[in-house]
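Structure record follows, encoded as structure tokens.
Positions are given from 1, in the same order as the sequence printed here.
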Amino acid sequence: MIGLLVGFVPSALSLLSGNTISVSGTAIGGWTGVWVITLACGLGGFLFGAIWALVLRAVAIASGR
């Protein structure tokens, strides 16, 4: 959820100020760019959380033995 906010707020403000959103050198205009950045940050946040959940679970299992 935080990843979605981290992506949406800055990209929406960038769009409203008249800037073009660039992803890997490709200019994406309008609300499409905002949603691309929002989904990318949301997916990144989800993967980050999933990896840390696996790491902490592995530590908990290892400390129990």
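- Summarising the geometry of Val34 relative to Ile21, their closest heavy-atom pair is N-CD1, 3.7 Å, with the distance given to 0.1 Å.
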Can you give me every donor-acceptor pair (side chain of residues 1-12, partner residue at least two apart or in another chain, under 3.5 Å) with its distance?
| residue | atom | partner | partner atom | Å |
| --- | --- | --- | --- | --- |
| Ser11 | OG | Gly7 | O | 2.6 |
| Ser11 | OG | Phe8 | O | 3.2 |

Considering only distance and modelled atom types, tabulate donor-acceptor pairs under 3.5 Å from the side chains of residues 42-62, sequence neighbours left out.
none

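- Residue pairs meeting the side chain to side chain donor-acceptor pair (under 3.5 Å) criterion with at least one partner in residues 30-46, sequence neighbours excluded, do not occur; the list is empty.
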